[in-house]
Chemist: 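Structure incoming, see below.
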Amino acid sequence: MAAKWLAKSEPSVYSIDDLKKDKKTLWTGVRNYQARNFLRDHWREGDWILFYHSNAEETGIAGLAKVSKSKSPDPTQFDSKSEYFDPKAKRETPIWYAPEVTFVRKFDEVLTLTQIKLEKKLSTMAVLKKGNRLSVQPVTDAEFNRIIEIAGVKL
DNA sequence: GCCAACGTTGGC
DNA sequence: GCCAACGTTGGC
């Protein structure tokens, strides 16, 4: 069965609307080892992604995407002009990974962090843990299904 | 803009 | 390997 993930992005940097417009994108710029391990070792083609807007006017889950290509090295680590450039990374030994992510849909309304906090069935979500800054987090089937239900999405 | 919580760096 | 200093994340 396909795994489920939550991935954070600041909408001022890259929003669900940007993904809708682009249809797909490489999930570049993750520079945290724990998050990197999820991207490199666990994201598989067909996995679901909850697109989370952080540092936003409306913080919360803004839509749905899918992993369309896994295990792809993040090209920005090799680009000396990129803010994500990593001089330690070599093409034959990449450090950072950027799976390709494809737009599925935008929620009619953002499922806000406030709503998530109020929802009993979502109380287990990693994103609610105090001080959890991980930009990539696993989501359980139960959590995912409840979110989809609240958002009124039929898959 | 503030600041708590966390991850990373680097001296020892 | 310890840990203080520093930088970043992200909610508010």
Side-chain angles (χ1 to χ4, degrees), chain A residues 3-22 25-43 47-67 70-101 103-140 142-144 146-151 153:
Chain A
K4 282 88 178 172
W5 307 97
L6 179 146
K8 296 179 188 173
S9 181
E10 298 193 21
S12 61
V13 177
Y14 197 86
S15 72
I16 188 78
D17 290 319
D18 293 321
L19 182 60
K20 185 177 185 178
K21 177 162 52 72
D22 295 344
T25 193
L26 293 179
W27 204 257
T28 58
V30 172
R31 293 295 181 270
N32 166 285
Y33 284 102
Q34 205 181 338
R36 186 282 309 267
N37 291 346
F38 283 133
L39 296 184
R40 184 188 61 182
D41 305 332
H42 299 290
W43 280 36
D47 283 0
W48 292 99
I49 300 159
L50 299 169
F51 196 118
Y52 182 92
H53 282 174
S54 61
N55 266 318
E57 217 163 293
E58 269 193 309
T59 295
I61 299 164
L64 258 186
K66 258 188 162 185
V67 178
S70 61
K71 302 198 168 172
S72 54
D74 183 340
T76 64
Q77 70 193 302
F78 309 122
D79 178 2
S80 59
K81 291 190 287 294
S82 168
E83 62 172 313
Y84 299 120
F85 177 63
D86 187 340
K88 293 194 293 294
K90 299 282 168 274
R91 291 198 178 266
E92 55 278 12
T93 53
I95 300 173
W96 308 109
Y97 286 78
E100 184 190 82
V101 164
F103 176 80
V104 175
R105 68 172 284 175
K106 179 184 175 179
F107 291 168
D108 294 335
E109 292 177 16
V110 173
L111 177 51
T112 64
L113 187 58
T114 309
Q115 287 175 276
I116 294 171
K117 284 175 181 166
L118 290 172
E119 179 64 30
K120 265 236 168 64
K121 288 179 177 172
L122 299 180
S123 60
T124 50
M125 287 196 74
V127 77
L128 296 183
K129 287 228 190 78
K130 198 181 171 197
N132 192 345
R133 307 181 307 172
L134 248 198
S135 65
V136 177
Q137 309 178 352
V139 173
T140 68
E143 291 160 355
F144 182 83
R146 183 62 185 136
I147 286 160
I148 292 307
E149 191 179 19
I150 296 170
V153 173

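In the text below, chain A, chain B and the rest are named by the order of the sequence lines, each starting its count at 1.
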Chemist: Please compare A/Asn32 and A/Asn55 by the position of their nearest nucleotide in DNA chain B and report the one closer to 5'.
Modeler: A/Asn55
Chemist: Without hydrogens or angle criteria, can the side chains of A/Thr76 and A/Asp79 be said to hold a donor-acceptor pair below 3.5 Å?
Modeler: no
Chemist: Between the main-chain N or O of A/Tyr84 and the side-chain N or O of A/Arg31, is there a donor-acceptor pair closer than 3.5 Å?
Modeler: yes
Chemist: Considering only NZ, NE, NH1 and NH2 on the basic side and carboxylate oxygens on the acidic side, decide whether A/Glu143 and A/Arg146 come within less than 4.0 Å.
Modeler: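 Looking at A/Glu143 and A/Arg146, the cut-off is not met.
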Chemist: In residues 74-90 of chain A, what residues come within less than 4.0 Å of DNA chain C, judged by heavy atoms?
Modeler: none
Chemist: Any donor and acceptor pair, going by atom type alone, linking the side chain of A/Ser9 with main-chain N or O of A/Ser15 inside 3.5 Å?
Modeler: no
Chemist: Centroid-to-centroid, A/Tyr52 to A/Trp5, below 6.0 Å?
Modeler: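 Aromatic pair excluded; centres sit 6.0 Å or further apart.
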Chemist: Pairs under 3.5 angstrom only: tabulate donor-acceptor contacts from the side chains of residues 36-43 of chain A to other protein residues two or more places apart or in another chain.
Modeler:
from, atom 1, to, atom 2, distance (Å)
A/Arg36, NH1, A/Ile95, O, 2.8
A/Asn37, ND2, A/Tyr33, O, 3.4

Chemist: Which pair of non-hydrogen atoms, one from A/Asn132 and one from A/Lys8, has the smallest distance, and what is that distance?
Modeler: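 It is O-NZ, 3.1 Å.
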Chemist: For DNA chain B, note the earliest and the latest nucleotide, 5' to 3', having some atom under 4.0 Å of a heavy atom belonging to chain A.
Modeler: B/dA5 to B/dT8
Chemist: With sugar-phosphate meaning primed atoms plus P, OP1 and OP2, does A/Lys129 contact a base, only sugar-phosphate, or nothing at under 4.0 Å between heavy atoms?
Modeler: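 Nothing: the residue A/Lys129, judged by heavy atoms under 4.0 Å, touches no strand.
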Chemist: Can you say whether the rings of A/Trp48 and A/Phe144 are parallel (under 30°), tilted (30 to 60°) or perpendicular (over 60°)?
Modeler: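 Aromatic pair A/Trp48/A/Phe144 classed tilted.
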